[in-house]
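Input: a single structure, listed below in structure tokens.
Proteins get letters first, then strands, A, B, ... in listed order; numbering begins at 1 in each.
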Number of protein chains: 4
Amino acid sequence: MIVVMKSGTPEGEIARISEELSSWGLKVEKSVGKHKIVLGLVGNTAELDPFRVQELSPWIEQVVRVEQPFKRVSREFRHGEPSEVVVSTPNGFVPFGEHHPLVTIAGPCSVENEEMIVYTAQRVKAAGAKFLRGGAYKPRTSPYAFQGHGESALNLLIAARDATGLGIITEVMDTADLEKVAAVADIVQVGARNMQNFPLLKKVGAQDKPVFLKRGMSATIEEWLMAAEYIMAAGNPNVILCERGIRGFDRQYARNTLDLSVIPVLRSLTHLPIAIDPSHGTGKAEYVPSMAMAAIAAGTDSLMIEVHPNPAKALSDGPQSLTPERFDSLMQELAVVGKAMNRWTKESVNSYQLPVVSGK
Amino acid sequence: MIVVMKSGTPEGEIARISEELSSWGLKVEKSVGKHKIVLGLVGNTAELDPFRVQELSPWIEQVVRVEQPFKRVSREFRHGEPSEVVVSTPNGFVPFGEHHPLVTIAGPCSVENEEMIVYTAQRVKAAGAKFLRGGAYKPRTSPYAFQGHGESALNLLIAARDATGLGIITEVMDTADLEKVAAVADIVQVGARNMQNFPLLKKVGAQDKPVFLKRGMSATIEEWLMAAEYIMAAGNPNVILCERGIRGFDRQYARNTLDLSVIPVLRSLTHLPIAIDPSHGTGKAEYVPSMAMAAIAAGTDSLMIEVHPNPAKALSDGPQSLTPERFDSLMQELAVVGKAMNRWTKESVNSYQLPVVSGK
Amino acid sequence: MIVVMKSGTPEGEIARISEELSSWGLKVEKSVGKHKIVLGLVGNTAELDPFRVQELSPWIEQVVRVEQPFKRVSREFRHGEPSEVVVSTPNGFVPFGEHHPLVTIAGPCSVENEEMIVYTAQRVKAAGAKFLRGGAYKPRTSPYAFQGHGESALNLLIAARDATGLGIITEVMDTADLEKVAAVADIVQVGARNMQNFPLLKKVGAQDKPVFLKRGMSATIEEWLMAAEYIMAAGNPNVILCERGIRGFDRQYARNTLDLSVIPVLRSLTHLPIAIDPSHGTGKAEYVPSMAMAAIAAGTDSLMIEVHPNPAKALSDGPQSLTPERFDSLMQELAVVGKAMNRWTKESVNSYQLPVVSGK
Amino acid sequence: MIVVMKSGTPEGEIARISEELSSWGLKVEKSVGKHKIVLGLVGNTAELDPFRVQELSPWIEQVVRVEQPFKRVSREFRHGEPSEVVVSTPNGFVPFGEHHPLVTIAGPCSVENEEMIVYTAQRVKAAGAKFLRGGAYKPRTSPYAFQGHGESALNLLIAARDATGLGIITEVMDTADLEKVAAVADIVQVGARNMQNFPLLKKVGAQDKPVFLKRGMSATIEEWLMAAEYIMAAGNPNVILCERGIRGFDRQYARNTLDLSVIPVLRSLTHLPIAIDPSHGTGKAEYVPSMAMAAIAAGTDSLMIEVHPNPAKALSDGPQSLTPERFDSLMQELAVVGKAMNRWTKESVNSYQLPVVSGK
């Protein structure tokens, strides 16, 4: 952090400020120019609010943060190397990461009954998905809307996994449910509305399952990375960042604004794998295919796509769900771009060899 | 909800759609015009997604919601009458509502130690505040920033209440902490980041203390009211809605965009009392006074203002906190507008007579 | 501007960068600390893009702007003193500014015919307005909507001025129309959609009539002040800044988000007078009164309010227009807050004495 | 448009409203249900403000628009067929449109001198671009920044066209300059800041050169299409819609939010060709390649990319410009996706045969 002093600041004031800053545990480095004096603050400035420093003296012209506030999630933390999140599934280990093939996650918004979830799992597996998504606990705007079948739906997810060998990803909304969810899920999802539910972030950080962290509806990139930092700081290095559309000023056609530019931005800032959810990102099934194509071309590591056997009868999010048939054909379209980008594979996931030390 | 059929829709198709909608528990009322047929859906349409109806047939031209999705929070629910939230404090009952004097809530962002919280409580009480705010559990962007003293801070709030008789308002962030927080708080706060933490909303709705519900950073008015609906649907009628600034495209000077137009908008939509927090709303102490003045003139029922004995040393949110001295003078400035608006009182709060049936 | 070099930057690289920056006409001042070297750039850095400096070397850690990019509009430009914009009207000189009574501007969105504009002028004058607003050239989203009566409407505005002595404010949308508009208007308005129409800004800056500069729909405070800077740089010091609502994510109830926090923000940054337009700011007549009240309490210097004799039949913007009767009663409500704020006057505007040198 | 009447509306009131609406030139079609009466309005409702209808009676429950407000730009206007914009260049006719190969436009932000513009033109032509972009008139936030060389730069663009045969696209900012600009340009650009400069839209609509219409920074899709409607209504059918990034809440890394979802949205709404500008869309050269890849995969018809021989010395927009070398390699990367999408061609543009009647 850099403190720029106004021209003509008295020596005594600079000494006073430096002393105060030292008492905060910071090392203060004074640089004297002809017109201005600049104080460089060395130490744990990541958590320091620049405004707090500004308040120290009316002689301070400006306080400028020159460090990123995140550490463990930063690309530098791994010396520029991407991390990989390797997830164990009945069908084998599936790695997410920059140097791995694209991983497709598909399934319905919510788990409605055993037949539909097992059938959907079979269909998305046949089309090439490696993970089944499906909500047991559902965040719904209205208290009168279907809230998910909760614990009983978790058992249905187990049935779907047993039937297909797909990995399971499902959302946890409350710290009180984490144990139950993590017992079933191969990847635990933290939804957009909970991206800054800090008690939840701490708890998912203190357990072992990989975490799929959706971006909050109006979260900045920095806030999103800080949320991931919460998880990593609590001990869990296996975080996947998922963009799912941000809130914009025009919601007439697409419900959210899918921000695909996060792909190159995150790539330069963090080592963590990146996923894109074009279903929530647009809110409308007919926009999903071209946004999924775009995400692959932009370099995403993973796609999450909603598929429902009968979207018109879905208990939630029907309008943005693809039918299994449309998903089949979409996967073939995606393969064309995926192959062009060298991110597509037909080989069995079982062939992946787990590294001795992974993602840590 | 209204379903507009395309010109030339076959009779059979209309029959099929009507049957399907009836099977959803809706009554379908057909209106035949010269060119178009319009189906009116009667019943529990509040929780019905218009897109789901749209999917029923390609002959449907448009589906239009003509009902509000909220019920208990709506102004109509009380036949146009505002509700009042009456809070018991050691100093007496304090009513929040359109027909009552403005209620001022003041105090620090977080409870730092006994001396500072008791001192601040004494100062804000002397200046005219009826409630002390102070965070025990703090939502912080960074995992490395001060997270609040938690449970031990709750005891310090009790000390401050004992010393002053002020009511206590403090935030709950996790369902696991609700019991502890509600045991101490006279009003339980749900923060902006948790406005759509639905498990938390359900739980605060299932206990007795009034709830102070902050608007989420990018929550629409409708989403905010639906969050209040969660609380009311769970059984708690005592909800106060607090605007605290929304996320905008310009954060260079004011950190958030304080949306004062919610005051007339909410007044027409809901019976619930309205509060404004100009401290978080602007993020900068120097902007707080004029926004507090504006809020009173626009008709707010309550103000929440951050006050800290030494903002430059505050463990959180220092830049937006007023000193006790500045708060003293602000209260005198506010009195001028408050009196002009007939929303100011000098009389002791003890004189308020609790109605036999309150807020229910 | 400050350039922070990475640790270990070679001496030669710093010399090379300094030389390059000097060739851009900047004075480079090197400050050497123990760990880092900081280059301070002195000179005309207001127009320098920090990214351009960043590109100079991979050894540059960060480039930080520490100056405001605007000059003439800055509060410092007048040594902290507010400017006043004094407008000549048939009824006398009317001053806009921090130390003057609130100025009310009222009238219809567009000039429809002589009878309606003269009648409206008479009514708003009787209620206390000093200026009549009325559009001859109208920016309309649709090419098929009423576009204003253009030149012929300018003559109707003259008739209204002749009948009432009110000053006239009307919008110019095209450089080709400026001469005609400025011949009639006492204040020339640049609308929100033209806030960054730079040829137009230059031209209104090169003529003598005061300019009413509305904030662009998604303009930052800085961009808005830079637009005013265009006008002042072209020679015209008489600029009034008008907030009229910005684009937000929730347009279901209020059409725009009226950003009243610009009042304290602008007050600290600029000497220019401030106006608020709650009619466009909310888009709905029923929200106008409380936002007008709030604007006065927050310290606005002027209000612009839409009044139409028959809003339901208005050719444009009917829904946000007040009837003359509602405007009468609103002015009485505003007087209560205006007097409390010491910004209200009953004395004739003719009593205002034009200073020898005004607003320059 | 549909008018829903409240339950119990008196017959006389419905008659009165119907009469009033008829006097506006609308046909009113009454549909009587058991509980409610619905009025369907037939006629020129595209330009009717629903709020104006709402004002007619307190018995009106809701007014709902069921038509799109645009006509000529709508996909239906061409019975579902995409239009093509065929541009004459010295190298031959170049068609923009859904059924044609991707067209690449490249060049510097502004024309700085003859050497740089000719050199850049040669380089981008060699890499595969069909058009040279380059600004003569530049919209700049600051009045003190380089404003473009104006008319003299137009001559330099002619030199670059003569040297390469590339088509020229350049921006017009003022109606006063249109004749000069259109005399040189093969495509006339209307920039984001002028998207709702209606006098300019009318004038570019009344001349013959194709128009490249950038989306305004906070323009909704509907407003953007209405701006194109202005051009088409004035007689010019040759409009290309270009997304260049919208204003969002997070500008720390990418300056704007490139909204690629416009591609499927526009495709379903309009017949007009679509272009994407990832350079302004992100504001940073390093993010341009992946966003260009994504745009092709999502189905764009054209790309506009900034290329400058020496970005660090560019007079404007250096940080987002690619070097000619980077552009060379990018074009090879784009070819991979372009070929996979069947939108890439190596054949000479001269082989394109102009249809007898084009784009009308």
- Trace of the side chain to side chain contact (heavy atoms under 4.5 Å, CB included) decision for B:F198 with A:R140: CA-CA 8 Å; B:F198 301 117; A:R140 301 302 302 276; 5.5 Å; no
State whether the number of non-hydrogen atoms from other residues, nucleotides or ligands found under 6.0 Å of [X] atom [atom1] is greater than 12.
X      : atom1 : value
A:E179 : CD    : no
B:E19  : CD    : no
A:E325 : CD    : yes
B:E76  : CD    : yes

Turns out that what part of B:A219 lies under 4.5 Å from chain A's heavy atoms comes down to backbone
Honestly, the part of B:Q320 sitting under 4.5 Å from a heavy atom of chain A is neither
Rounded to the nearest 0.5 Å, the OG1 atom of B:T175 sits from the CG atom of A:D177 at a distance of 7.5 Å
In this structure, OH of A:Y230 is separated from OG of B:S142 (nearest 0.5 Å) by 6.5 Å
- Task: May I ask you to decide whether B:R193 forms a salt bridge with A:E223, counting only side-chain N to carboxylate O separations under 4.0 Å?
- Result: no
If you tally heavy-atom pairs under 4.5 Å between each of B:K284, B:R255, B:E222 and chain A, the highest tally belongs to B:R255
Q.
side chain to side chain contact (heavy atoms under 4.5 Å, CB included) for A:N197 and B:D174? Distances and angles first, verdict last.
A. CA-CA 8 Å; A:N197 181 335; B:D174 190 1; 5.7 Å; no
Closest non-hydrogen contact found for A:S218 with B:R247 is O-NH1, 2.8 Å
Scanning both residues in full, the closest heavy-atom pair of A:E229 with B:P143 reads CG-CG, 3.7 Å
_Intermediate values then yes/no, side chain to side chain contact (heavy atoms under 4.5 Å, CB included), A:N194 and B:Q196_ = CA-CA 8 Å; A:N194 285 306; B:Q196 290 194 320; over 6 Å; no
Q.
Tell me whether the NZ or CZ atom of B:K71 lies within the 45° cone about the ring axis of A:Y144 and under 6.0 Å from its centre.
A. yes
Chain B shares the most heavy-atom pairs under 4.5 Å, among A:K202, A:Q54, A:M232, A:M195, with A:K202
